[in-house]
Structure formats: C-alpha cells, structure tokens
2 protein chains.
Amino acid sequence: MAILNELSEFRRPIAINLANRPTPSNCEDCGARHNGLCEALTEDELAFLARSAQRITLAPGTVFVEEGEKAAYFYNINQGNVRLFKSLPDGRRQITGFSGPGHFLGLAAGEDNAFSAEAMDSVKLCRFSRASLMAVFEELPVLERKLLGVVMHELVLAQQQMLLLGRKTAIERIASFLLSWAVRLEMCPAGGLPAANSVLKLPLSRTDLADYLGLTIETVSRSLSQLKRDGMIDIPNIHEIILLRPRTLSEIAEAAV
Amino acid sequence: MAILNELSEFRRPIAINLANRPTPSNCEDCGARHNGLCEALTEDELAFLARSAQRITLAPGTVFVEEGEKAAYFYNINQGNVRLFKSLPDGRRQITGFSGPGHFLGLAAGEDNAFSAEAMDSVKLCRFSRASLMAVFEELPVLERKLLGVVMHELVLAQQQMLLLGRKTAIERIASFLLSWAVRLEMCPAGGLPAANSVLKLPLSRTDLADYLGLTIETVSRSLSQLKRDGMIDIPNIHEIILLRPRTLSEIAEAAV
DNA sequence: ACGCGGCCTTGATCCATATCAAAAAATACC
DNA sequence: GGTATTTTTTGATATGGATCAAGGCCGCGT
C-alpha cells in the first residue's frame, strides 16, 4: 500500500504544539484574522515555505510524532484533527492539546520530541524537515517573530490548563472546556461568551475528553449529564452539545463566588 | 520610602514566564551553558539591552505582575526568586512556575498579562518597557530566535506539569518535583539523576509546593513524611531535602510498572 | 528566657472522584 | 436489516486526598 509506505517515514518526527490561533481576535500585525501560522503569512512567504514541503495523508489513529524520538520534522495541518499527548509507562495518558486545520505543529525545544501526536481522523498535512525550517528562518526572519507569537499563545493556553487540572472541580473543568472549545471554533472571542443555544461540535470521544481534563470517562459523562439536568446544556447526540446558558456556564467555569 | 515609590510603578506589568534554561546542557548555538536570556546573549547584545533597562529592587511578597492588567513591561531577574501563578475568584491558586536569577519574565501573548508574579524574597531585576523590547527586536533579530528557544522550553515544562497535574498521584508528584528541582539547581542534566545523598535547597513554603503540585499542604507534608519513612529522602530541616535514593525516586516519579 | 504567632506535621473524618459492574445507545460489520 | 462490537451512560461501592482539628516546632520580639 502506498499510504503505508508514506506512513513508515513518520517514525521519528517533531515535538511542540504550535496550534491554535496566536491571537483570537484580529492580528495586531496584519489586521487580518488568522487561524495558524500559514494564515499569518503572506502569499510570497507561503510560496517559499511550500517549496520544501511534502504533502501527506494520514489514516485515523496514526501516531506520527512519538515522544522521546529524535525531532526531525515539523508540520502544518491542512485537514483533520490531531491530539497531542504525553503518557506514563503504565498507560495513563494526558492530552496536552488538540491541533486542527491551519495549525502548526512541531519544533522541538531540544533534540527529542516532548510529546506524541496522533491523527484523530483522516489528516492531511504538509511536512517540512528541520533543516528546511532553519533555511526558511534565514530567508524569512519575520517567521521567527510570528512563531514566537504562536508559541507564546500556546503557553498561555497551557497555563490555563494547569489551573484547570490543578485546582478546578469536575463540573468546572467541563464548563471551562465547553467555553474554550467555543472559542476554538470561533464562536466567540477569547474571554467572551458564545450566543445562547449555540451548537458545539465535538469531534472527540469521551475518552479524549477525560484524558484532556484529567478525569475518568465516567466522571465526564456524569458531569455532562448533570449540566444537562440543570438546564445548562442539551446533548442531542454524543458529538454535539447545545450551550443553553453560556453565561451561567461561564460562572461555573471561573468559579465566581 | 524610596522603595515604596519605586514599587508603585509596578501596578500593571507583564505576562509570560520565559524562565528556566532553554536547554539544560550546552547550548547548540553557542556551545556555552546559559541560565536564561541574558546568559544567551553576547556582551554587545547585553549592552544594547542595558541601555533601556531600569534596575529595581522588590520587597518579599510584592506582586509586580497582575493577571488581567495591561502588559507594559518585561523583566530579567538578577537576584531572588519569583512565583508565577493564576488564581480563581474564590482564592484557589495554581502556581505555574518559578523564576530565579538569570531568568526572563514577561512578554504577553496578547494585550494583557495571563498570570501574576510575586517576589518570594528580596528580588532585584531589570525592567524594560514593551516598546523598548520591540526596538531591541529591530536591532537584534537574533534575539527573537533565542527567545523562541526559551519559550519553547517553557512550553515543554508546562506540558510535563500538565501530565503531573492531570494524571499523577500525590507521591508521584512530590517525587517528580524533587527531581525536577534538582535539574533546576543544575545538580544533574534533564532526564538524568542527581547523585545519591544530594542536598536539595527548597526556598519554598509548603503552601507554594501545594499550589504548584495541585495538592493541599497536608498532603504535601504527609507525602514527604512517607518518602522519609520509606528511606527515599531525609529532611534535616524544612527547606532542605536529602535525596537518599534518586534512582528509586525516579521510578516513583515516572510510575514505572 | 519567655511567650506569641506563623508554619508544619499528624490524626480523624468526610467527600469528590475513581473503580467496578451492568444496562443502554451508538456504530460497525455481515 | 439484523447482529456483533464498541462507546456511553448509569448505578453501587471504594478510596485518595481534602477538610477539620490538634499539637509541635521554630523564629521573633520583648
């Protein structure tokens, strides 16, 4: 199979989630809204990048970045979703983030990947070698500033997640997650509220949700049921949630006293 | 008091922890070891930066960066320790990291600070305005690449902490923390082990430890006591811990099966 | 030295969430 | 389209860590 041959090249790739938008609202550099690194670049810059890129398709479940392996590539995702995670030897897993179309993924801080990345569905992406990224940096110093913005935004998200994992209750975690997912889907700006009755598409299993929020699937399910009982949300099907009362959800999420 | 006047200028500073060493071993750029941004720069670059810096001393307990305030400054710490944290309205607190001498601190991803920073002891630092940082960037594009490395390393640490907060038990968190603190104090490379009977200085209160590890002070105290009972560590005094069996501690920390 | 106040440790109890178990719903497979 | 398989929900029980409550230790000021 041709695809399998391509996949076999993916044994030892990258490391850092540069996903998510650097700024949720309009970019202060260019004034335009952008969804990731590629959207932040001009046509010329994109063309330059494209020269050293390989286009690849991954089957669902493919682990194309493995923690601890040498970091050799970086990626820009064109289609599909990716989960980024770290694992313990006994199988416990912590999902540290998700990447989607337009998101940038890779760039090791050291020699090795700090986490693993796995395709959640059929994923199309562009792969660049580490060396070619360095060459691009020489040619496009502006890229580094833009990357800096992307990574800094990642760090802000990571800090939010630390607060969630270290100090929030199960219900608060779920409420926080739903609102942050609405931001991710551009249904509202960061810090803002989505409209009442917004429909949230969740391309995640309950297991993913649990591993992202530091809970068990049972607790995730129970918390969602309770929010539904309390009239905060509706759950027409497993992968869709309707935010009936975003304002109250937000109060739960931020634990207003 | 002169000091108080200076402090009053610190009502609305910066946002991101760029602390900790970008690479624990020798830097791949310059071959030298460096402890933070300043150590990563040449004499000339440092001189350029110094032109726009103000030297400031902070009293213990001073909160000089406040979450949600406009990000106006960034800092390089010369002396003392700083805790970086996020809080919930009801007082729950999550410490996201610590900064020490040589560490860089600041740089908002957006307009506002994403966290607060507080002096743990008497702190001396250099303060730069956001505008002067931009000017420095124009003059020293290399700075951006170096900053990128620092921020990426921060992100790796944040991801490790997410795994700890989301999936590790109390004992595992304490063991992980002790070993990571040894790395921080340069008693061993990242991923390596400190020598048996190494003495670890902890300039933290149990409350700081609890807020960093997502536990209560009682659980921190009990876990330390248990590790002592089990012969893993000794605790000659509250701010010093002797690592009797680093290898076993490491097995606990990484939950080897 | 003494006493006071702020950490820290230890003990007793409670509770939020994990774990174990099974039914129900969704999805995949013939 | 119906059955097998996986995923999700719900229920019953267990438990790790939180909470409540003393007591001990140490530094500090008088």
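Order of the sequence lines fixes the chain letters, A, B, ..., with proteins taken first and strands second; residue numbering starts at 1 for each chain. Note that the coordinates shown come from a computational prediction; the quantities given were computed from them, not determined experimentally.
Of the side-chain N and O atoms in A/Thr169, none sit less than 4.0 angstrom from OP1 or OP2 of C/dA16.
If you take CG of A/Asn237 and C1' of C/dA24, they are 16 Å apart, rounded to a whole angstrom. When the P atom of D/dA18 is taken as reference, atom CZ of B/Arg92 falls 13 Å away, rounded to whole Å. Going from atom CG of B/Leu215 over to atom C1' of C/dC8 covers 16 Å, rounded to whole Å. One can place CG of B/Leu202 at 15 Å from C1' of C/dC7, the figure rounded to the nearest angstrom. In this structure, B/Asp211 places its CG atom 12 Å from P of C/dC8, rounding to the nearest Å. The CZ atom of B/Arg167 sits 16 Å away from the C1' atom of D/dG17 (whole-angstrom rounding). With rounding to whole Å, B/Leu213 atom CG is found 11 Å from D/dA18 atom P.
Electrostatic pairing of A/Asp211 and B/Arg167 counts as a salt bridge here, judged by a charged N lying under 4.0 Å from a carboxylate O. Remark: B/Asp208 engages B/Arg93 in a salt bridge, criterion side-chain N to carboxylate O under 4.0 Å. Ion pairing of A/Arg92 with B/Glu172 is present here, as a side-chain N (NZ or NE/NH1/NH2) and a carboxylate O approach within less than 4.0 Å.
Proximity of B/Leu88 to A/Lys168: side-chain heavy atoms (C-beta onward) are separated by under 4.5 Å at one or more points.
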Between N or O atoms, less than 3.5 Å apart, protein on one side and nucleotides 7-14 of chain D on the other: list the pairs.
unit_1	atom_1	unit_2	atom_2	d
D/dT8	OP1	A/Arg206	N	3.2
D/dT8	OP2	A/Arg206	N	3.4
D/dT9	OP1	A/Arg206	NH2	3.1
D/dT9	OP2	A/Arg206	NE	2.8
D/dT9	OP2	A/Ser221	OG	2.9
D/dT9	O5'	A/Ser221	OG	3.0
D/dT10	OP2	A/Ser225	OG	2.4
D/dG11	N7	A/Arg222	NH1	2.8
D/dG11	O6	A/Arg222	NH2	3.1
D/dA12	N6	A/Arg222	NH2	3.4

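Taking the six-membered ring for Trp and thresholds of 30 and 60 degrees, A/Phe74 and A/Phe104 have ring planes inclined between 30 and 60 degrees apart.
Here the shortest heavy-atom pairing between A/Asn78 and A/Pro101 reads O-CB, 3.6 Å.
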